[in-house]
Every structure is written in structure tokens, then in C-alpha cells.
Amino acid sequence: MLFSNLLIPTLKDAPQEAEIVSHKLMLRAGMIRKAASGIYTWLPLGLKVLKKIENIIREEMDGSGAQEVFMPMVQPKELWDETKRWDKMGLELLRIKDRHERDFCLGPTHEEVITDIIRNNVKSYKQLPLNIYQIQTKFRDEVRPRYGIMRGREFLMKDSYSFNIDESSLQETYILMRETYKKIFNRIGLDFKISKADSGAIGGDSSEEFHVLAENGEDTIAISDGSEFAINTELLLSEGEDIDSLEGKPSPDGKGIIQIKKGIEVGHIFKLGKLYAESMKTNVLNADGKASTLYMGCYGIGVSRLVAAAIEQNYDEKGIIWPHNISPFDINIISIGHNKEKEITEAAISLYDQLTKMNYSVLLDDRNVGYGSKIKDSELIGIPLNIIIGKNYIDNKEIELIARNGDKSMNPVDDIKTILNFFKN
RNA sequence: CGGGGUAUAGCGCAGUCUGGUAGCGCACUCGCUUUGGGAGCGAGUGGUCGUAAGUUCGAAUCUUACUACCCCGACCA
């Protein structure tokens with residue numbers, strides 16, 4: 001795509017309202033703009049990243065055998081009365097009325113809706129297990145939205161709900177989701193920990209959280225430096241532990257020592273058991289022909305929050321450093337003197353066509369501005385690889401490769417292999 | 001909701017104390033020259049100073065109320 005055609009309103013200075021790195025950089029890179037506190041518009045660049053993450057999640061969920069659906073954002077009060085949550089939930093449940101004065105809410109989650117679907121459409125154990133997911137906008141009227149997209153009121157979430165005939169089937173799905181989540185976060189390119197968590201208001205048997213380790217995380221987790229062990233300190237606090245004294249002690253699993261870290265919660269998996277199935281009378285006939293209440297699990301990923309989390313873990317003083325798999329573009333071709341120097345313009349377009357045909361997503365910076373502006377913007381928006389076409393092309397048919405990680409090299413213009421090698425590792 | 005802070009052009013800011021009809025940098029528009037680290041010169045565009053009321057001959061500036069936004073806390077699948 002041509003830079004000059006895209007709406008990428010980059011900023012030299014971060015707006016006063018932004019406090020943390022990811023929020024500042026998302027605003028400066030022209031990825032998002034605020035509509036109201038905790039409510040944002042995703043501009044083209046931000047949306048590209050969001051979609052990349054969404055697609056990784058979708059591919060892995062589909063790969064696990066889960067099925068995608070799309071549920072309504074506006075939900076009727078009646079369903080929420082069945083689980084008593086219309087009354088139990090606080091003001092974070094945004095209640096609205098339609099023109100007939102009928103009560104609705106903006107969905108903060110979808111257990112009620114999906115359970116209603118299942119109880120009305122699944123009658124036999126033979127149809128189970130089922131794992132149904134969606135990627136959809138949620139609304140929670142948070143007491144205090146903050147940090148831009150990180151803790152918004154409106155946000156994008158992948159939520160899935162499994163329906164199992166018994167506890168062991170639920171356990172199987174739970175483990176499958178746990179493994180699927182690992183694949184997802186690894187593909188996105190994040191450093192994360194799985195920690196035991198407080199299952200909170202939602203209840204249920206047990207739950208684990210996936211945390212991206214980052215300075216600006218809102219959660220405090222105790223991790224072992226020598227194993228997978230991790231636990232949310234909320235859980236320890238409720239057990240009366242003194243968190244400060246834990247740092248440096250041996251890990252309970254005997255491997256490594258405990259460190260206290262900040263984490264951003266990007267995923268949460270729960271075994272719900274019969275909780276919702278019972279209150280919503282959800283059962284099927286089992287092999288003995290008897291009605292059997294279903295076991296449920298639910299599994300969430302904060303899709304939009306992942307964008308911020310990825311930035312919190314990958315940036316420097318110049319801007320964002322996207323992990324390759326979620327970068328809005330793979331390559332930025334910086335054409336110096338584009339549309340002025342015929343040779344350069346033609347070479348840039350030719351390279352653009354070649355790389356695009358090879359299925360790379362390529363940005364061509366054709367703007368009539370100097371090299372400095374172009375490379376600064378590219379560094380800010382975090383494109384992994386820049387290809388510079390300028391004087392050196394005219395003089396001896398050479399282009400320069402500048403990776404966002406700092407690596408540089410001069411190469412013959414027809415040395416596409418070197419460019420491709422960049423994406424091999 | 002408790003505590004703290006901010007609000008002047010798209011972004012960053014000055015001007016407010018001491019009232020006199022709004023300014024700087026960047027961005028934007030036009031022209032010419034430029035093009036390998038945020039270009040130069042010249043000419044321009046853009047603001048009912050968050051909203052409302054009050055004091056005053058006169059309010060960005062003083063008074064009162066309100067609103068929005070941010071931070072800490074409480075809250076949080």
C-alpha cells in the first residue's frame with residue numbers, strides 16, 4: 001500500500017492524556033483515537049494489528065476443533081434473570097431500555113446467551129462435547145477505565161464456552177484449551193506465564209490466567225525463575241500470605257526461586273462445572289436415557305488488550321518493535337525522492353510488486369518528504385524491515401536493508417534472497 | 001465514589017498571579033529550492049481560550065456552578 005494513501009496520523013509528541021508506553025505509542029503511531037474514556041476508534045494501522053492477532057487466535061481455535069459463532073451484543077434482561085446476574089452485577093453491567101421500555105444490557109460476557117442456545121438445540125450426549133467461540137466486542141462500564149486500550153470499557157474479546165457431558169470430558173477440553181492458548185501466545189511472540197488465579201465472581205472450580213510479563217501490568221504475580229510455576233498474588237493475599245517476604249524464597253515446586261513480577265492478564269480459562277447449566281436448566285439425555293446436567297468451561301482472551309500488551313513488551317525509545325507475526329506490514333520500502341527520481345521510483349515500484357506477489361504485506365513510503373521523516377515514522381510504527389532505495393541505487397544498484405532491531409546491510413537490488421532470509425528466523 | 005490534577009488551533013505549550021480583545025513550535029495550504037536521520041526561504045489557513053452564569057466600561061485572566069479528561073485508591077472473568 002502507498003503511505004500517501006493511508007490514514008496514518010503519526011504524532012511527534014504524545015498527547016497529555018497518555019501515561020503508559022503502549023498508550024502513548026498507539027496514539028503517536030496513529031493506531032487509535034479516543035471517542036470517550038475507555039472507548040476507542042481503531043484506525044487502519046491499529047486495525048491491521050488487531051486483525052492479525054484475531055486471525056492467529058481464529059486459526060488455533062479452529063485447529064482445536066472449536067466452532068466460531070457470533071452472538072448479539074445487546075442482550076435481554078430475561079436471560080440474565082435466570083442466572084440472577086441482572087441483580088448481582090454492579091454498574092459495570094450497562095443496562096439500557098429499548099423503545100418499548102423493555103430491559104436490555106450491553107453484553108459484558110456471553111454465558112447466558114450461549115447456554116440458551118445450547119439448551120434449546122442440543123438434546124443428546126452424542127452431540128457433545130462442543131466448544132463454541134466468538135470474537136466480539138464486549139462492554140463493561142468499568143469504574144475507572146485507564147491506560148488507553150489496556151483497560152477500556154469497550155474492548156474486543158475472544159470468548160469460548162465448552163459443553164461437556166461429565167467432569168473428565170471437561171478436564172480434557174480444559175487441557176486442550178490450555179495448550180491452544182500456549183500456541184496462540186507463542187505465535188504472537190509474547191513472553192508469558194500461566195498462573196493459578198482467583199476464580200472471582202464467576203465462581204467455578206478452578207481457573208488459570210495467562211499473563212504477559214511487563215512493567216506496566218496491573219496484576220502482581222509470583223513466578224519461579226526455574227520452572228513454569230506462577231501464581232496471582234491476589235490468591236495468596238486471600239490466603240493471608242505476606243507477598244513482600246516471598247521474593248527470593250525457593251519455589252514450592254522445588255525448582256528455582258520466587259520472583260514477584262507485574263503481569264498483564266491476556267487470557268483466562270475456567271472450569272465452571274454445573275454452575276450455569278443448573279441455573280439455566282441445561283441438560284441432555286445421557287447413554288442411560290436420563291437427563292444429565294452439562295458441565296461447562298469458559299475460556300477468554302483479551303484480543304484488543306493483546307495489542308497493548310505486545311507493545312509493552314516490545315518497544316524502545318524510537319517506537320514500537322512489532323513481533324513479526326503481528327506487524328501491520330512486513331516490509332516498508334523507503335523511496336527517497338519518489339516521483340522525482342525516475343530510476344528510484346521505478347525500482348521501488350518494481351520491488352514493491354515483486355514482494356507483494358510473494359505474499360508479503362508491503363508499505364511503500366512514496367511521500368514527498370525527506371529520508372529522516374520516513375525512517376522516523378517507520379521506526380515509530382514498528383515495521384520489522386525497511387528497504388532504502390536512494391543514491392546508492394543510482395550509483396551502483398544497491399539498496400540498504402535496515403531492520404527494526406538495528407541490523408543493517410547494503411545489498412544488490414536483485415538480492416531478494418537476503419530480504420527473505422530476514423523472515424526465516 | 002474518596003483524594004489529586006488538567007482543560008487556550010490537529011499535537012505540544014506560553015499567556016492567567018497583576019483584566020485591555022490571543023501567541024510560539026510542530027503539523028496543514030500555495031510557490032520555489034530540496035531529498036540517506038524529523039529540510040530551507042517566502043506567502044497563507046486555522047481558536048466563541050471546556051460549558052453556563054456572574055462581577056466589570058472591558059474577562060483566556062476575577063467569582064460561582066457544571067462538564068470532560070488524566071493519575072492514585074476502591075472496583076474488575
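All chains are named by letter (A, B, ...) in the order of the sequence lines, taking the proteins before the strands, and each is independently numbered beginning at 1. Model, not experiment: these values are computed from the prediction. Atoms considered below: every heavy atom in the structure, side chains included; atoms not considered: hydrogens, waters and symmetry mates.
- Residue-to-nucleotide contacts include a donor-acceptor pair under 3.5 Å from the side chain of A:Glu379 to the base of B:rG37.
- Nearest-nucleotide assignment on RNA chain B puts the 5′-proximal partner with A:Pro145, out of A:Pro145 and A:Glu112.
- Under the 30°/60° scheme for interplanar angles, the aromatic rings of A:Tyr299 and A:Tyr174 are found to be tilted.
- Residue whose closest nucleotide on RNA chain B sits further toward the 5' end, between A:Ile402 and A:Pro15: A:Pro15.
- Legend: residues meeting side-chain contact (heavy atoms from CB on, under 4.5 Å) with A:Glu92, ordered by chain and number and at least two apart, are A:Met89.
- Using a 4.0 Å cut-off on heavy atoms, the residues of residues 362-375 of chain A that approach RNA chain B are A:Asn368, A:Val369, A:Gly370, A:Tyr371, A:Gly372, A:Ser373, A:Ile375, listed by number.
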Which atom pairs, one a donor and one an acceptor, fall under 3.5 Å between side chains of residues 55-63 of chain A and the rest of the protein, sequence neighbours left out?
from: A:Asn55; atom 1: OD1; to: A:Arg58; atom 2: NH1; distance (Å): 3.0
from: A:Asn55; atom 1: ND2; to: A:Lys51; atom 2: O; distance (Å): 3.3
from: A:Arg58; atom 1: NE; to: A:Glu68; atom 2: OE1; distance (Å): 2.8
from: A:Arg58; atom 1: NE; to: A:Glu68; atom 2: OE2; distance (Å): 3.3
from: A:Arg58; atom 1: NH2; to: A:Glu54; atom 2: OE2; distance (Å): 3.1
from: A:Arg58; atom 1: NH2; to: A:Glu68; atom 2: OE2; distance (Å): 3.0
from: A:Glu59; atom 1: OE1; to: A:Arg187; atom 2: NH1; distance (Å): 3.2
from: A:Glu59; atom 1: OE1; to: A:Arg187; atom 2: NH2; distance (Å): 2.9
from: A:Glu60; atom 1: OE2; to: A:Arg187; atom 2: NH1; distance (Å): 2.9
from: A:Asp62; atom 1: OD1; to: A:Tyr133; atom 2: OH; distance (Å): 2.8

Pairwise N/O distances under 3.5 Å, protein to nucleotides 73-75 of chain B:
from: B:rC75; atom 1: N4; to: A:Arg146; atom 2: NH2; distance (Å): 3.3

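- For RNA chain B, the neighbouring residues in residues 21-48 of chain A, judged by any heavy atom under 4.0 Å, are A:Arg28, A:Lys34, A:Ala36, A:Ser37.
- For A:Ile336 and B:rU35, the CD1 to P distance is 11 Å, given to the nearest whole Å.
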Write out a two-atom table: protein N or O, nucleotide N or O from nucleotides 23-29 of chain B, distance below 3.5 Å.
none

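- Taking atom NZ of residue A:Lys376 and atom C1' of nucleotide B:rA39, one finds them 14 Å apart after rounding to whole Å.
- The aromatic rings of A:Phe270 and A:His268 sit parallel to each other, their planes meeting at less than 30°, with 60° as the upper class boundary.
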